[in-house]
Amino acid sequence: MNKQSPKDNQLIPSVQGQPMEKSRSTRSRVPARFSPSGDRKTEISARFVLWVFHKWWKLVVPVGLLLAGIGGAVILYYHVPEYKASGWITIESTAPYIAFSSGGTDNSGRFIQTQIELLRSPIVLGNVISRPEISAIDELKKQSDPINCLMEKLSIAQVNQSDLYQVHYTSPSPMTARTVVNAVIAEYLDFQTDESYSRTQRVIDLLDEEHNRRSLELERLRNRILELAKNITGKDPFGHGAVTDVERSNSPAAMLAQNLVQLDVEQEISKAEIQAEYESQVMMPSQSESSGLLDLEIANHPQVQEREEAIADIELRMEEIRNVARRWSTNSDYIRLKNNRDKRKAELEETKAELREKLRENKKRERELQHQQYVADYKRKIAQIEARKEALTAQFNEVVKDLGESGTRSVEFEFAQAELAREEKVFEMIMLRKLALQTELRAPARVRLRQEADLPSTPINPIPYKLLTLSILASFTIPLTFVVMREIVTRRITDTEQLAQESKLRVLGEVARIPVRYVASETNTLPNRLRQEMYVFTESIDSLRTSLDLSEYLGSHNVIAITSASPAEGKTSVATSLAMSIANATNQSTLLIDGDLRKQNSYLFPNTESQPGLTEVLTGKASLRDAIHKINNSNTYLLPSGKTKVNPHRVVRTPRITQLLDELRPMFKCIVVDTPPVLSASEALVFAKAADAVIFCSLRDVSRSRQVCAAVERLEFAGANLLGAVLSGTTVKRYGYSYGVYPKKS
């Protein structure tokens with residue numbers, strides 16, 4: 001860049017027709033403040049989260065990967081794989097037999113359900129726990145209720161609607177899983193065999209007793225018939241050719257005798273069955289309790305749900321206190337809520353215990369009623385048999401009476417023979433029933449073992465994919481949540497709407513992002529992409545200058561101060577570019593004042609002298625003619641900040657700045673002052689008050705809402721004329737999408 005001589009009389013031009021003095025009281029002020037509809041609050045939306053991730057992905061991704069690795073390593077380190085052992089059994093839907101079928105239809109569904117619940121009941125598991133190989137298992141030793149532990153881990157599943165069932169047990173030890181399954185199946189089969197055998201054997205014993213009693217009765221009847229035969233015929237009625245089978249007789253007495261025989265047999269067998277039921281009845285535990293249905297019924301009870309909801313509300317309020325109060329453990333409200341929660345929990349447990357006992361009693365009564373119904377059915381059957389037998393006996397006695405009155409001597413003998421035949425028939429059927437039971441004792445069992453459990457070689461969960469997936473999601477959610485909350489607290493300016501809402505200023509325009517790394521390069525040496533970015537940046541500055549020119553701001557405001565809330569928010573780039581744009585557009589002299597005495601911006605114009613500057617002018621060490629430098633051959637002039645050795649507050653004072661600007665106004669068409677940040681350097685307020693208008697600059701995704709509000713309030717309190725706000729740092733893509741840009745011709 002060409003350096004101009006400070007002694008050149010043409011260095012500082014004068015604007016023709018411009019008065020030397022201008023009263024500040026006559027400067028027009030355009031109101032920039034307005035009242036938007038309501039305050040804007042940061043909302044956590046998907047767009048906001050995506051914006052935060054796009055801004056912080058370089059932090060979120062590495063931290064998320066690190067946490068995911070740590071979480072995965074911890075999960076894999078503490079993960080205990082479980083093994084499942086399976087044994088196979090067969091539960092026949094119908095009872096198998098050798099020669100004698102039961103002849104009835106069994107309730108196979110109820111029988112199978114009973115066997116499944118019996119497998120998981122304390123009746124079987126209690127004996128399993130007492131086995132030495134089971135009682136020595138460490139994981140069961142640690143349990144206060146080992147039977148309940150077995151019930152939770154033991155499961156029975158039907159295989160494809162067949163008679164095959166699998167008994168499963170899961171354990172961290174494959175040996176333990178196999179041992180438990182085989183022990184449960186063995187104990188269940190032993191119990192099933194013993195129970196079935198003892199019940200059948202008891203029926204056989206009862207039939208034996210009846211057999212002995214019937215034998216004595218038959219002997220008595222035979223002796224009576226023998227005595228009658230000797231008195232009537234003098235022959236042995238049991239000799240060769242004697243006929244004693246009353247079933248072949250067609251007399252009414254013979255038919256009644258035959259029916260009485262059938263009823264006697266049916267009555268005796270029913271009595272034996274009911275007696276066996278009384279003596280071998282196994283009172284099964286409640287199926288609902290052993291299968292967990294009782295706990296589910298308790299959990300769904302209205303009283304329990306009401307108390308649990310009350311406890312949940314209290315715990316929610318306790319959680320709120322823990323999140324707000326630092327010493328929440330000693331907080332009086334927290335202690336009161338904790339005591340109330342503990343009290344309600346105790347009441348809840350009492351309610352559950354009362355409901356459990358009540359429901360258990362109800363289930364017990366139901367089982368007793370079922371048993372009573374079973375016995376009542378048999379008793380009703382026996383009563384019906386006795387009623388029929390009584391009616392037939394009465395008819396039989398009437399027939400016998402009629403025959404006796406007829407005077408026939410052989411009637412007594414005939415009916416004695418009929419009674420003997422009846423007893424022999426009953427005796428024969430009892431023996432057949434006994435023979436059938438004894439034969440079917442050797443029939444195949446209805447429940448049989450198909451295959452014992454083998455030692456499982458592969459765990460059912462070698463890798464906890466669900467836990468790892470949750471860990472990975474949580475690992476990325478934690479840092480993302482942290483930065484989202486940080487952005488919510490920080491509330492950065494992201495668009496012109498938010499800038500207007502927070503600052504209550506009119507937004508004058510947006511300025512595209514400038515490729516800072518290549519500013520000092522020749523345009524022809526830049527790549528096409530960077531040339532396009534430079535073009536868009538220049539276009540955005542020209543658009544801002546045009547807006548100010550068309551609104552006559554430039555005509556009525558000779559001195560414009562560009563300021564911001566904090567450093568590095570783009571105000572220097574905007575001020576420099578705006579000054580050069582005004583000079584090029586108007587072809588008149590424009591002055592750029594570097595008012596930031598704390599930080600020299602000599603890098604913007606490396607071929608321009610940085611001293612003397614504003615500091616030397618204010619301290620009287622240099623004149624304006626020596627401090628002002630022309631930039632190349634343009635109409636843009638620069639007053640650098642100079643070299644400051646004292647506190648800027650001692651140098652920058654309101655009267656001196658006002659006097660300096662009044663001296664410069666007649667010399668330049670427009671003066672642009674690059675002030676220091678308002679919150680970092682209070683001398684910025686001096687420049688803002690002395691200027692005709694102030695443009696507040698914010699940097700997209702960097703400026704914070706609170707700082708913007710605080711800076712604007714300070715400017716207003718200082719009496720600055722706020723012209724409006726500018727949002728800088730807009731991406732080229734966003735600027736082109738919002739405003740449209742003509743492609744630059746090469």
Side-chain angles (χ1 to χ4, degrees), residues 44-88 116 119-120 137-143 145-146 148-162 164-185 291-293 295-296 299 308 312 315 319 451-486:
I44 303 178
S45 61
R47 180 180 178 184
F48 177 74
V49 174
L50 289 176
W51 172 81
V52 173
F53 178 78
H54 182 266
K55 180 177 179 59
W56 292 97
W57 71 269
K58 292 183 179 180
L59 173 66
V60 172
V61 172
V63 173
L65 291 175
L66 178 62
L67 293 178
I70 295 174
V74 171
I75 290 174
L76 293 177
Y77 179 78
Y78 287 101
H79 172 65
V80 178
E82 290 191 342
Y83 295 83
K84 177 187 286 188
S86 301
W88 294 70
I116 292 175
L119 263 168
R120 300 179 63 250
I137 297 176
D138 292 334
E139 64 180 88
L140 295 178
K141 286 181 179 179
K142 300 177 182 178
Q143 300 293 330
D145 189 358
N148 187 54
C149 179
L150 287 177
M151 292 174 62
E152 291 178 353
K153 293 186 176 183
L154 191 70
S155 62
I156 298 93
Q158 187 179 14
V159 181
N160 296 329
Q161 303 297 322
S162 64
L164 292 176
Y165 291 83
Q166 280 186 310
V167 181
H168 304 293
Y169 186 81
T170 57
S171 172
S173 170
M175 182 64 70
T176 298
R178 182 184 69 173
T179 303
V180 170
V181 170
N182 291 335
V184 169
I185 293 177
S291 60
L293 295 178
D295 294 334
L296 181 61
E308 288 180 345
E315 291 180 344
E319 181 67 23
Q451 181 180 341
E452 290 186 344
D454 295 328
L455 188 67
S457 58
T458 304
I460 58 177
N461 53 345
I463 299 177
Y465 292 104
K466 293 183 179 180
L467 287 178
L468 289 177
T469 303
L470 293 176
S471 175
I472 292 173
L473 293 177
S475 299
F476 283 94
T477 302
I478 290 173
L480 182 59
T481 302
F482 174 77
V483 295
V484 166
M485 298 305 297
R486 186 178 186 276

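Inter-residue side-chain proximity for H168 and V181 is flagged as unmet; no heavy-atom pair is nearer than 4.5 Å. Residues V484 and W56 fail the side-chain proximity criterion, which asks for heavy atoms closer than 4.5 Å. Residues V483 and W57 are not in side-chain contact: their nearest non-hydrogen atoms beyond the backbone lie 4.5 Å or more apart. Contact of the I75 side chain with the P464 side chain is registered, since non-hydrogen atoms from C-beta on lie closer than 4.5 Å. Between I116 and Y165 there is a side-chain heavy-atom pair separated by less than 4.5 Å. Side chains of Y83 and T458 form no contact here, defined as non-hydrogen atoms less than 4.5 Å apart. At a threshold of 4.5 Å between non-hydrogen side-chain atoms, the residues L150 and V184 do not count as touching. Side-chain contact between Q143 and N148 is absent, with no heavy-atom pair separated by less than 4.5 Å.
From R178, atom CZ reaches atom OG of S171 across 12.5 Å, with rounding to the nearest 0.5 Å. Here F53 contributes atom CZ and L59 contributes atom CG; the two are 11.0 Å apart, rounded to the nearest 0.5 Å. Here OG1 of T176 is found 10.0 Å from CG of L455. Values are rounded to the nearest 0.5 Å. Between T170 atom OG1 and L154 atom CG the span is 9.0 Å, to the nearest 0.5 Å. Taking CD from Q451 and CG from N182, the interatomic distance works out to 10.0 Å, rounded to the nearest 0.5 Å. The line from OG of S86 to OH of Y169 is 13.5 Å long, rounded to the nearest 0.5 Å.
Closest of all the heavy-atom pairs between A453 and A85 is CB-CB, 4.2 Å. Between I460 and K84, the shortest heavy-atom contact is CG2-CB, 3.7 Å. In terms of heavy atoms, V80 sits closest to N461 at O-ND2, 4.3 Å. Minimum interatomic distance between G87 and I185 (heavy atoms only, all atoms of both residues): CA-CD1, 3.9 Å. Nearest heavy atom pair, residue V63 against residue P479, reads CG1-CB, 3.8 Å. Taking all atoms of both residues into account, the shortest heavy-atom contact from L480 to V49 is CD2-CG1, 4.1 Å.
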*So L65 and F476, side-chain contact (heavy atoms from CB on, under 4.5 Å) or not? Walk me through it.*
CA-CA 7 Å; L65 291 175; F476 283 94; 3.6 Å; yes

*Would you sort out whether V159 and W88 count as a side-chain contact (heavy atoms from CB on, under 4.5 Å), showing the intermediate values?*
CA-CA 10 Å; V159 181; W88 294 70; 3.7 Å; yes

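When only modelled atom types and interatomic distance are considered, E139 and S173 share no side-chain donor-acceptor pair under 3.5 Å.
Between the side chain of R120 and the backbone N or O of M151, at least one donor-acceptor pair lies under 3.5 Å. Formation of a donor-acceptor pair under 3.5 Å by the E308 side chain with backbone atoms of A312 is not found in this model. Between the S471 side chain and the L467 main chain, no donor and acceptor come within less than 3.5 Å of each other.
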